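Here is the structure we will look at, set down as structure tokens.
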Amino acid sequence: MATSTSNHSHGIVNILHTLNANQRQAVTSPPISKLQIIAGPGTGKTKVLTSRVAFLLLEGKIPAEDIIVTTFTKKAANEMIERLTNMLPDINLDKLKIGTFHSICFKLIMKHGGKLGLSGFTIADERDKDFYIKEMLSELTSIEVSSFSPHDMNQFKGKKSFPKYHDLSPKIVSSQISHLKSKGITWDKYSKEKEYNACLDLFYTKYQNKLLRNKVLDFDDCLLACHELISKFPLTNIQHILVDEFQDTNEIQLQLMYKLSSNVTIVGDPDQCIYSFRNAQVINFQKMIDHYQGKQQSVDIITLDNNYRSTHDILGFSETIMKQEQDRKTKQLISQHAKTFGSPVYAQLASDIQESKWVVSQITTLLSLPNQLLHPQDMAILVRSAYQTRVIETELNRQGIPYHMIRGRAFWDRKEVVVMMDYLRIIANENDRVAILRTINYPKRGIGEKTLEKIDEFLRLVDSNSTVYEKLLTISEVKLSTKVKSNVNVYLKFISQAKEKLQAIGDDETKLVGLFDFISKESGLIKELETPTEIENIDEIKKVIGQFVPPPQDEDVPYRNILGQFLDSIGLNETIEEQQQHSNHPKYKGRVSISTIHGAKGLEWPIVFVPGLSEGLLPSNMALRDNEVTSINEERRCLYVAVTRAKLLLYISWYVESETDDNEQSWRMKISEPSRFINFIKNKGNVVSGFSQDSLKTLYEMLGKSYPSEFDFNKFHQAYLAKIESIISNFDGSRRRRRSNEFEDFTNIGFTEATNIHNRKKNTINHFLNRKAPRIHPLMKPSVNNKAPAYIPTRTGISLGTKPRSKAPPYIPNRSKKIP
DNA sequence: CACGTTTATGTTTTT
DNA sequence: CATAAACGTG
Ligand SMILES: Nc1ncnc2c1ncn2[C@@H]1O[C@H](COP(=O)(O)OP(=O)(O)OP(=O)(O)O)[C@@H](O)[C@H]1O
């Protein structure tokens with residue numbers, strides 16, 4: 001919608017007022033331009049991008065629907081819309097094209113896909129992709145297989161043998177195809193490539209055929225097909241495209257960007273590229289410059305170096321990590337915080353469990369500071385791999401601390417959740433063969449492997465005039481036992497009833513919950529489920545469907561039923577997390593965030609914990625295995641991203657397990673060394689860090705709270721030290737009880753000078769670490785009553801991460817009495 | 001042939 | 001511990 005400048009010019013002035021000179025220059029660059037904003041963490045890149053959208057709307061007078069903004073996640077998109085809405089209360093942003101590359105592309109395909117014969121196509125998620133790959137491989141004839149050169153075939157050999165798939169690893173095949181797609185190479189063009197493998201050509205072609213026949217697009221296809229679409233039918237209206245997190249774009253995304261608009265603003269930080277496993281290429285910065293220079297067009301580059309997020313010491317620490325990379329130019333970010341707290345608090349522990357206890361006790365200490373200084377929502381625990389969250393969750397549960405998982409995928413991988421979603425899928429979409437195959441015998445309907453094969457064989461004979469579901473209705477043509485037939489009919493009757501109900505509710509999304517109840521009950525799924533956890537998870541999905549609001553539809557988008565719209569909305573893994581509402585524990589505000597480092601991209605917290613800084617965790621075993629410099633560098637960037645999420649306090653930790661300590665899980669690779677990335681930390685022995693009263697006062701000041709004069713700091717401090725000491729000396733906390741002579745490792749507990757972490761002028765900085773604290777001698781007696789209660793965390797704690805599923809366990813050890 | 005039970009085997013990161 | 005393949009039973 002057009003808006004007059006005079007009405008809003010004060011608006012842009014206000015916005016520019018919150019920016020520094022460099023940021024302002026970036027924001028107010030001419031709308032007709034190519035602009036790169038390259039800057040380190042916390043320099044306000046996202047803020048600049050958001051403000052630039054406002055600038056383009058207000059000053060550039062570009063209608064919202066003619067601007068595309070790509071963000072890395074749905075969450076980032078939502079945040080940006082929220083900020084824009086606050087900035088520009090008078091402008092309707094509904095038509096702004098903002099979202100991930102995948103969702104923007106998928107929407108374009110939904111709208112115009114008919115031109116390429118893609119109407120009605122849905123998304124094949126990773127699980128479906130895996131299914132089609134395996135199906136494709138198992139269908140290869142021995143003639144086809146024997147026609148390939150051993151050299152070509154060997155590329156696809158995995159560690160294991162795969163008898164069902166001619167010894168071809170589905171994983172490798174899948175990732176190779178994905179690799180081609182993210183380079184923008186379509187199946188019909190692959191043969192022209194220099195690096196050509198006849199095997200891969202056949203796999204790719206067959207796989208793509210399969211997707212087409214099943215009317216689905218995989219994630220990569222969303223981009224690839226969209227690229228094809230706009231190459232043939234260009235969008236003429238887009239006046240500007242803005243790309244966030246440019247360092248993590250791949251080739252096809254770069255090509256899409258060129259095609260979508262000739263005016264471009266990108267922001268990114270090469271040091272934060274952590275998605276090259278998904279073919280992201282940091283070289284896109286240079287490629288973009290070359291691309292436009294080839295067309296005699298120049299690219300403006302603006303850098304920012306004021307950091308508004310982190311303290312001086314956190315920036316120093318992060319730079320110390322990054323400068324380990326060969327040939328990297330040092331980056332000097334200037335912290336805008338007046339105060340800083342010294343080097344990160346760190347500790348070396350003896351097991352993952354002990355490490356979790358250390359982390360969580362730091363959290364309980366911080367939470368127990370008087371005057372509600374900190375809330376759970378101010379803190380985050382960031383790990384390299386999702387599985388590492390497990391022990392931490394257990395400990396958080398044990399201490400009754402509410403937490404939530406950011407972008408946890410585990411929930412959607414649960415069996416009962418998958419089946420429930422499959423029921424929704426087949427009811428919404430008659431062509432979803434995979435969903436039929438996965439639901440028809442769950443709950444058990446006496447249809448085993450063999451029968452399922454027969455049915456599947458029959459279903460795949462479907463011709464393009466009818467749907468897979470219609471084909472299943474004629475199943476009586478197949479010879480099956482009468483018992484099986486009647487069972488299939490029970491299933492079919494149920495599906496058709498559900499479909500009728502779906503018809504009846506029309507576009508009223510508020511009735512979806514009722515339909516959901518009908519489906520979960522009448523399918524027999526609820527009855528089949530055994531644990532209360534599983535039923536809870538079904539309820540979780542119900543909550544998600546209950547919150548679903550269909551997006552505003554363009555007029556000319558082909559119709560899709562409301563359930564299908566819901567499934568589309570979660571198909572791209574873009575589920576928004578439930579807002580932090582009331583927590584179970586009124587004492588706490590919000591929740592501690594737990595996330596993988598990848599999931600924490602672009603986010604920030606006052607307090608950040610980065611546990612697991614050991615060889616095998618960060619860098620991960622996978623990166624160690626191939627021992628490529630590039631892999632190690634990416635791991636290092638991961639750590640860099642993690643530590644630069646912290647605003648005020650950073651806690652890092654690692655553990656090394658003893659060689660002789662064989663535990664039950666013998667397959668687990670032993671963690672035996674601290675991470676190479678922290679080699680520069682000299683005194684790695686157990687460090688017990690205390691607060692100093694001064695730094696604590698500074699913390700209050702920076703958070704705008706008053707430091708209570710009656711607070712007995714010494715008492716608090718002593719209790720803290722004792723708590724940490726008891727964790728370190730309590731070997732019940734490690735996986736297995738140790739022999740007593742191993743305690744020797746821990747006699748040198750004490751404080752290290754933290755200053756050696758990086759050079760700085762001593763007097764200018766407040767230290768968060770108390771360097772004068774006394775040496776502490778571990779008490780060697782593992783006390784009996786310290787034994788952890790037998791408490792098994794429910795896996796649901798992961799679900800959507802919306803709430804701590806389980807109530808705090810009845811026994812809450814070691815809990816400070818004065819949580820305010 | 002379906003389905004329950006035993007046993008081998010193995011943890012990146014995600015749109 | 002969590003999943004999948006292999007094995008055994010009715
Ligand atoms: N000119 C400014 N004045 C005050 N605060 C600012 C300014 N610019 C940015 N900030 C604040 O700094 C923090 C970091 O900003 P932002 O998230 O935009 O950084 P970023 O460069 O995108 O970081 P990352 O690379 O880690 O994603 C935010 O809290 C933001 O509000």
Side-chain angles (χ1 to χ4, degrees), chain A residues 70-77 99-106 123-126 129 134 158-164 171 175 178 181-182 217-224 245 248-250 252-253 273-280 352 382-391 394 406-410 412-415 441-454 480-481 483-484 487 570-575 595-601 612 616-626 631 634-635 637-639 641-642 663-669 671 792-793 795:
Chain A
T70 73
T71 57
F72 204 72
T73 62
K74 175 74 174 286
K75 192 177 178 197
T100 60
F101 263 109
H102 289 84
S103 84
I104 287 170
C105 288
F106 186 62
I123 305 252
D125 62 25
E126 283 300 293
K129 181 179 176 182
K134 284 179 174 163
K159 280 187 304 233
K160 286 191 307 196
S161 72
F162 299 92
K164 282 199 221 155
K171 257 228 171 77
S175 81
S178 185
K181 287 184 176 182
S182 55
L217 299 165
D218 67 18
F219 284 124
D220 303 308
D221 284 337
C222 292
L223 306 180
L224 202 54
E245 309 282 8
D248 282 315
T249 54
N250 59 26
I252 185 70
Q253 288 168 332
C273 172
I274 53 174
Y275 279 88
S276 34
F277 72 92
R278 221 169 67 188
N279 307 308
D352 52 354
L382 309 180
V383 294
R384 172 68 239 264
S385 305
Y387 72 86
Q388 293 175 262
T389 62
R390 212 170 234 246
V391 278
T394 307
I406 293 174
R407 288 203 283 159
R409 264 174 39 267
W412 299 99
D413 286 339
R414 306 243 349 167
K415 200 173 68 185
N441 197 38
Y442 195 104
K444 301 256 143 56
R445 294 188 180 90
I447 299 161
E449 205 183 337
K450 294 287 165 188
T451 312
L452 198 62
E453 248 168 58
K454 269 194 218 165
L480 295 165
S481 75
K483 204 169 115 229
V484 167
N487 284 339
I570 54 174
L572 290 161
N573 290 347
E574 284 190 331
T575 346
S595 176
T596 62
I597 294 169
H598 288 82
K601 175 194 255 283
L617 296 172
L618 185 58
S620 75
N621 271 323
M622 293 298 185
L624 292 181
R625 183 127 45 87
D626 63 30
S631 311
E634 177 138 330
E635 298 290 306
R637 291 194 297 270
C638 251
L639 176 56
V641 169
N663 52 44
E664 328 74 74
Q665 294 158 299
S666 50
W667 52 267
R668 224 172 53 106
M669 212 187 289
I671 299 296
I792 299 131
R795 211 37 204 153

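Below, chain A is the first sequence line, B the second, and so on; all start at residue 1. Keep in mind the model is a prediction, meaning the values are calculated, not measured. Any value given below was found using the heavy atoms of this structure, including those in side chains, with hydrogens, waters and symmetry copies removed.
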Provide, to the nearest angstrom, the distance between the [atom1] atom belonging to [X] and the [atom2] atom belonging to [N].
| X | N | atom1 | atom2 | result |
| --- | --- | --- | --- | --- |
| Asn441(A) | dC3(B) | CG | C1' | 9 Å |
| Asn250(A) | dT13(B) | CG | C1' | 15 Å |
| Asn487(A) | dC3(B) | CG | C1' | 14 Å |
| Arg384(A) | dT12(B) | CZ | C1' | 5 Å |
| Leu452(A) | dC3(B) | CG | P | 11 Å |
| Leu624(A) | dT12(B) | CG | C1' | 11 Å |
| Asn621(A) | dT12(B) | CG | P | 9 Å |
| Lys415(A) | dA2(C) | NZ | P | 12 Å |

Indicate whether OP1 or OP2 belonging to [N] is found under 4.0 Å from a side-chain N or O atom of [X].
| X | N | answer |
| --- | --- | --- |
| Arg390(A) | dA2(C) | yes |
| Lys444(A) | dG4(B) | yes |
| Thr73(A) | dT14(B) | no |

Residue whose nearest DNA chain B nucleotide is more 5′ - Arg445(A) or Ser620(A)
Arg445(A)
Could you say whether His102(A) or Lys454(A) is positioned toward the 5' end of DNA chain B, judged by the nucleotide with the nearest heavy atom to each?
Lys454(A)
Near-parallel close stack of Phe277(A) and dT14(B) base (under 5.5 Å, under 30°)
no
Taking Asn250(A) for its side chain and Asn279(A) for its backbone only, find out whether a donor-acceptor pair lies under 3.5 Å.
no
Contacts of [X] that satisfy side chain to side chain contact (heavy atoms under 4.5 Å, CB included) - sequence neighbours left out:
| X | answer |
| --- | --- |
| Ile104(A) | Ile68(A), Thr70(A), Leu108(A) |
| Ser385(A) | Tyr387(A), Gln388(A) |
| Ser175(A) | none |
| Ser595(A) | Leu382(A), Ile406(A), Ala600(A) |

Write out a two-atom table: protein N or O, nucleotide N or O from nucleotides 7-10 of chain B, distance below 3.5 Å.
{"from": "dG10(B)", "atom 1": "O6", "to": "Trp667(A)", "atom 2": "NE1", "distance (Å)": "2.9"}

Once each nucleotide of nucleotides 3-10 of chain C is scored for protein heavy atoms under 4.0 Å, what B/S/- sequence comes out, 5' to 3'?
--------
Name all residues meeting the side chain to side chain donor-acceptor pair (under 3.5 Å) criterion together with [X]; count only those two or more places apart in sequence or in a different chain, and write none if there are none.
| X | answer |
| --- | --- |
| Ser481(A) | none |
| Ser620(A) | none |
| Asp221(A) | Lys181(A), Gln208(A) |

Taking any heavy-atom pair under 4.0 Å as a contact, classify Phe101(A): base, sugar-phosphate, or nothing.
nothing
Which is true for Glu449(A) with a 4.0 Å heavy-atom rule: it touches a base, it touches only sugar-phosphate, or it touches nothing?
sugar-phosphate
Enumerate, in order of first residue number, the stems that involve DNA chain B, defined as 3 or more consecutive Watson-Crick or G-U wobble pairs with both distances under 3.5 Å.
B:1-10 with C:1-10
So, using ring pair (Phe, Tyr, Trp, His ring centres under 6.0 Å) as the criterion, who are the partners of His598(A) when residues are at least two apart?
Tyr275(A), Phe277(A)
Return the set of residues passing salt bridge (Lys or Arg N to Asp or Glu O under 4.0 Å) with Lys601(A) (not counting sequence neighbours), or none when no residue passes.
Glu245(A), Asp248(A)
Are Lys129(A) and Asp220(A) side-chain neighbours, meaning at least one heavy-atom pair lies under 4.5 Å?
yes
Contact between Trp412(A) and Ile570(A) at the side-chain level, heavy atoms closer than 4.5 Å - yes or no?
yes
